Amino acid sequence: MLKIWSMKQQQQKNEAASGQSKKKKVTAAQLRVQKDLSELALPATMSTHFPNPDDILNFTLTLQPDEGLYKSGLFTFTFTISQSFPHEPPKVKCKEKIYHPNIDLEGNVCLNILREDWKPVLNLNAVVVGLQFLFLEPNASDPLNKEAANDLMTDRDRFRRNVRTSMGGGTVMKESFDRVIQ
């Protein structure tokens with residue numbers, strides 16, 4: 001044990017003498033995110049992008065549903081993960097302005113596991129599956145966009161038309177939306 005300690009001290013002296021800097025410390029959050037990302041099995045309709053390859057705590061997820069009301073849309077979500085991960089959920093926002101009961105006009109996402117139901121045992125794959133599910137089955141009972149939720153509950157055909165109009169970059173209820181149809 002003493003030999004290892006003295007080797008470590010000698011290595012530090014050599015690094016200091018040669019001007020080498022120490023390796024960056026890897027945080028617990030980075031280790032967990034790295035593990036979660038390595039276990040992520042994304043379908044062909046989803047992809048991740050890391051604007052800064054050295055920063056795995058901030059990335060985007062692109063989702064292109066191949067079924068449901070949002071089929072053929074292209075949606076980008078930003079993931080911002082704090083150093084408290086996995087004790088705190090990631091912050092997820094939709095970059096496009098879309099007509100959805102569970103995504104408000106500022107891009108905030110209403111998904112229970114991103115708020116009160118988050119537990120450290122959950123991983124990034126659970127969040128990705130949750131986002132995918134929101135596009136297959138929008139949830140009108142827990143809305144951020146109350147007008148869209150009301151449409152979904154009271155007149156599903158009108159909701160379907162409003163989704164199509166908004167995805168094409170049209171206006172719904174005096175609100176202009178981003179064109180997301182590919």
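Just so you know, these numbers come straight off a predicted model, no measurement behind them. One is the number of the first residue; the rest follow in order along the sequence.
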Hydrophobic cluster identity match, Leu40 and Val129, side-chain contacts under 4.5 Å: no
Linked, directly or transitively: Val172 and Leu144 (ILVMFWY side chains, under 4.5 Å):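 Per the 4.5 Å side-chain linkage, Val172 and Leu144 are not co-clustered.
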Check side-chain hydrogen bond (donor to acceptor under 3.5 Å, both in side chains) between [X] and all other residues, then give those that pass, not counting sequence neighbours.
X      : value
Asp104 : Asn108
Ser72  : none
Asn145 : none
Asn125 : none

With sequence neighbours excluded, residues passing salt bridge (Lys or Arg N to Asp or Glu O under 4.0 Å) with [X]:
X      : answer
Glu67  : none
Arg156 : none
Glu175 : Lys97

side-chain hydrogen bond (donor to acceptor under 3.5 Å, both in side chains) between Gln83 and Thr27, worked out: CA-CA 7 Å; Gln83 291 295 335; Thr27 66; 2.8 Å; yes
Quick one: list whatever passes side-chain contact (heavy atoms from CB on, under 4.5 Å) with [X], sequence neighbours left out.
X      : result
Arg164 : Lys71, Met167, Ile181
Lys91  : Thr80
Thr154 : Asn150, Arg158

Please tell me if the side chains of [X] and [Y] come closer than 4.5 Å, counting only heavy atoms from C-beta onward.
X      : Y      : value
Leu57  : Val33  : yes
Val109 : Lys93  : no
Pro101 : Phe159 : yes
Cys110 : Arg115 : yes
Leu124 : Ile81  : yes
Leu105 : Phe177 : yes
Met173 : Asn162 : yes
Phe77  : Val128 : no

No-hydrogen, no-angle side-chain donor-acceptor test under 3.5 Å, Gln64 and Thr45: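 No pair is found: no donor N or O on one side chain lies under 3.5 Å from an acceptor on the other.
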Can you see which heavy atom on [X] is nearest to which on [Y], and at what distance?
X      : Y      : answer
Pro143 : Ala140 : CD-O, 3.5 Å
Ser166 : Val163 : OG-O, 2.9 Å
Tyr99  : Ala148 : OH-CA, 3.4 Å

From CA spacing to verdict: side-chain contact (heavy atoms from CB on, under 4.5 Å), Arg32, Asn123: CA-CA 9 Å; Arg32 173 61 188 271; Asn123 58 19; 3.8 Å; yes
Euclidean distance, [Y] [atom2] relative to [X] [atom1], rounded to 0.5 Å:
X      : Y      : atom1 : atom2 : result
His49  : Thr60  : NE2   : OG1   : 5.5 Å
Met153 : Lys146 : CE    : NZ    : 9.5 Å
Asn58  : Asn52  : CG    : CG    : 8.5 Å
His100 : Leu152 : NE2   : CG    : 9.0 Å

Audit row: Leu61, Thr76, side-chain contact (heavy atoms from CB on, under 4.5 Å) steps and yes/no: CA-CA 6 Å; Leu61 173 80; Thr76 307; over 6 Å; no
Expected output: side-chain Trp118 to main-chain Pro90 donor-acceptor under 3.5 Å: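 Side chain of Trp118 to backbone of Pro90, a donor-acceptor pair under 3.5 Å: no, none is there.
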Candidate list Leu122, Ile113, Asp36, test side chain to side chain contact (heavy atoms under 4.5 Å, CB included), partner Val127, passing option: Ile113
Non-neighbouring partners of Phe59 that pass ring-ring contact (aromatic ring centres under 6.0 Å, His included), sequence neighbours left out: Phe50, Phe79
Which donor-acceptor pairs under 3.5 Å do the side chains of residues 131-139 make with protein atoms, sequence neighbours left out?
{"unit_1": "Asn139", "atom_1": "OD1", "unit_2": "Ser141", "atom_2": "N", "d": "3.0"}
{"unit_1": "Asn139", "atom_1": "OD1", "unit_2": "Ser141", "atom_2": "OG", "d": "2.6"}

Derivation of the side-chain contact (heavy atoms from CB on, under 4.5 Å) call for Leu74 and Thr62: CA-CA 7 Å; Leu74 185 66; Thr62 303; 3.3 Å; yes
